[in-house]
Amino acid sequence: MAYVVTAIWTAQPGQEDVVRDAIEKLTPPSRQEPGNRFYQAYESPEEPGVFRLFEIYDDEAAYQAHGASEHFAEYGHGRAIPVLAKRERAFYETIG
């Protein structure tokens, strides 16, 4: 069983590049975290400024460690999240 997180980050108008840049910088160290199995952000051409993140961790503790990491503090809380109009998250566990 794995712990799955989906997140939707919607940038405030005019802040799309700030959020995109923060995600680009956040992704490589997030992929290197112990307990991280998959970390990918994407943006639809039909919804510019709406960023979706799909993350898979060994367990909830690994996800919590991601949220407490230095790189998430810098790029997530420090850069992207302050300029979001909306932030949504959903949590799942894999089956089988």
Side-chain angles (χ1 to χ4, degrees):
M1 182 170 32
Y3 193 74
V4 179
V5 180
T6 62
I8 302 172
W9 289 5
T10 304
Q12 295 173 12
Q15 299 297 317
E16 298 86 356
D17 289 343
V18 173
V19 176
R20 187 178 298 105
D21 181 66
I23 291 171
E24 287 175 356
K25 290 180 174 144
L26 179 62
T27 297
S30 296
R31 289 178 175 165
Q32 298 301 312
E33 294 169 352
N36 179 278
R37 297 184 186 185
F38 188 82
Y39 192 95
Q40 183 64 56
Y42 50 100
E43 179 183 22
S44 168
E46 287 83 37
E47 291 183 292
V50 178
F51 303 91
R52 289 171 165 62
L53 295 94
F54 186 76
E55 309 168 40
I56 303 174
Y57 299 90
D58 288 344
D59 51 30
E60 185 178 359
Y63 169 71
Q64 295 298 332
H66 165 69
S69 69
E70 186 176 312
H71 51 272
F72 194 81
E74 180 176 354
Y75 300 116
H77 289 294
R79 296 190 191 178
I81 292 170
V83 296
L84 295 180
K86 187 174 182 183
R87 179 183 181 205
E88 302 171 68
R89 293 180 291 172
F91 306 93
Y92 309 91
E93 291 183 352
T94 58
I95 300 170

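Source: prediction; values computed, not measured.
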Trainee: If we only count heavy atoms from C-beta on, is the Y39 to H66 side-chain gap below 4.5 Å?
Mentor: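 Answer yes - side chains close enough.
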Trainee: Thinking salt bridges, do E43 and R52 make one under a 4.0 Å N-O criterion?
Mentor: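 So E43 does not pair with R52 through a salt bridge.
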Trainee: So which atom in A7 and which in R89 form the shortest heavy-atom distance, rounded to 0.1 Å?
Mentor: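 The pair with the smallest heavy-atom distance is CB-CG, 4.0 Å.
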Trainee: Hey, what do you get for CZ (F51) to OG (S44), rounding to the nearest 0.5 Å?
Mentor: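 Atom-to-atom, F51:CZ and S44:OG are 11.5 Å apart.
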Trainee: If you look at every heavy atom in A2 and I56, which pair is closest and at what distance?
Mentor: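 Reported closest heavy-atom pair: CB-CG2, 3.8 Å.
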Trainee: Roughly how far, to the nearest 0.5 Å, is the CD1 atom of I81 from the CZ atom of F72?
Mentor: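 Spacing of CZ (F72) from CD1 (I81) equals 4.0 Å.
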Trainee: Return the orientation label for the F54 and F38 ring planes: parallel under 30°, perpendicular over 60°, tilted otherwise.
Mentor: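 Judged by the thresholds at 30° and 60°, the geometry between F54 and F38 is perpendicular.
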Trainee: Taking the six-membered ring where the residue is Trp, are the ring centres of Y63 and F91 under 6.0 Å apart?
Mentor: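 Yes - the distance between ring centres of Y63 and F91 falls below the 6.0 Å cut-off.
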Trainee: Assess whether a salt bridge exists between E33 and R31, defined as any Lys/Arg side-chain N lying under 4.0 Å from an Asp/Glu carboxylate O.
Mentor: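 No, E33 and R31 are not salt-bridged.
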Trainee: What's the spacing between R37 CZ and T94 OG1 if we round to 0.5 Å?
Mentor: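 Separation between the atoms: 6.5 Å.
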Trainee: List the atom of Q12, the atom of L84, and the distance in Å for their closest heavy-atom pair.
Mentor: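 The answer is NE2-O, 3.4 Å.
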Trainee: Can you tell me if Q32 uses its side chain to pair, donor with acceptor, with the backbone of S30 under 3.5 Å?
Mentor: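 A pair under 3.5 Å: no.
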Trainee: How far does CG of D17 sit from CD of E24, to the nearest 0.5 angstrom?
Mentor: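 It comes to 9.5 Å.
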Trainee: First locate atom CZ of R79, then atom CG of L26, and finally report the distance between them rounded to the nearest 0.5 Å.
Mentor: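 Going from the CZ atom of R79 to the CG atom of L26 covers 10.5 Å.
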Trainee: Using every non-hydrogen atom in the two residues, find where W9 and A80 come nearest and quote the distance to one decimal.
Mentor: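 For W9 versus A80, the nearest heavy atoms are CZ3-CB, 3.5 Å.
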Trainee: Identify the heavy atoms of P34 and A62 that sit nearest to each other, and give their distance.
Mentor: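 In this case the closest contact between P34 and A62 is O-CB, 4.1 Å.
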Trainee: How far apart are the closest heavy atoms of A41 and I23, and which atoms are they?
Mentor: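 Residues A41 and I23, closest heavy atoms: CB-CG2, 3.4 Å.
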Trainee: Going hydrophobic residue to hydrophobic residue with side-chain gaps under 4.5 angstrom, can you get from L53 over to V50?
Mentor: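 Cluster IDs for L53 and V50 differ.
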Trainee: Cut-off 3.5 Å, side chains only: do Y42 and Q40 have a donor facing an acceptor?
Mentor: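 Checked: Y42/Q40 side chains show no N/O donor-acceptor pair below 3.5 Å.
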Trainee: Atom CD of E47 and atom CD1 of I8: how far apart are they, to the nearest 0.5 Å?
Mentor: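 Reported value, rounded in 0.5 Å steps: 8.0 Å.
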